[in-house]
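Written out below as structure tokens is the structure these notes cover.
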Amino acid sequence: MNSNQITFNVLDIRRGTTVDGPGLRTSIYLAGCRHACPGCHNPDSWDFNAGSPMTLEEILRVVDDEDFDVTLSGGDPLMHPDTLPILIHAIKERGKNVWVYTGYTIEQIEADPKLWDAVKEADTIVDGPFMRDLRDPDLLFRGSSNQRIIDLHKRRLHTT
Ligand code: SF4
């Protein structure tokens, strides 16, 4: 795929946020989600056409503008398994740490080669659907207690 042709519908970009992972981060929210979690904080993000289209290069320019690590959220970034790995690879090439928020569990991801290939270059995922009954506002970087912060480097060591 020619990188000039790669676009993402971006709901929002926050520079220097502290709520989506450790340290100051550039958080990029990609439109589109089919998990339909009851109590989702932002059902408007489910629409794959929401937000504004940005090319890969435009997104990377924002990443390059800031001396921050990067979080990809949404929506669910893994709803874009063809293009997400290209974005993650380009951010990792810049020497940045990458977190990905997804409504899939790590078990679902590991069982689906396409999902695993899409996210495997990231450093950390926060996995699983938001569950209203398990909501806990005191949790660090997560909305509900079923969600896990998973170091993919350690995960790879255990699975290879
Ligand atoms: S995965 Fe996230 S964006 Fe998607 S429905 Fe669940 S809470 Fe909402």
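Computed from a predicted model, the values in this text were never measured in an experiment. Atoms within a ligand are numbered from 1 in the order they appear, just like the ligands themselves. All values below were derived from every heavy atom in this structure, side-chain atoms included, with hydrogens, water molecules and symmetry-related copies excluded.
Residues K120 and E110 are not paired through a salt bridge, judged by the lack of any N-O separation under 4.0 Å between the basic side chain and the carboxylate. Ion pairing of D123 with K92 is present here, as a side-chain N (NZ or NE/NH1/NH2) and a carboxylate O approach within less than 4.0 Å. R15 has a carboxylate O that lies under 4.0 Å from a charged side-chain N of D65, or vice versa, which qualifies the two as a salt bridge. Using a 4.0 Å cut-off between charged nitrogen and carboxylate oxygen, D127 and R148 count as a salt-bridge pair.
Because its NZ or CZ atom is both nearer than 6.0 Å to the ring centre of Y29 and within 45° of the ring axis, R14 counts as a cation-pi partner of that residue.
Listed by chain and residue number, the protein N/O/S atoms under 2.8 Å of atom 8 (Fe) of ligand 1 are C40 SG, with waters left out.
We find the CG-CH2 distance between L72 and W99 to be 12.5 Å, quoted to the nearest 0.5 Å.
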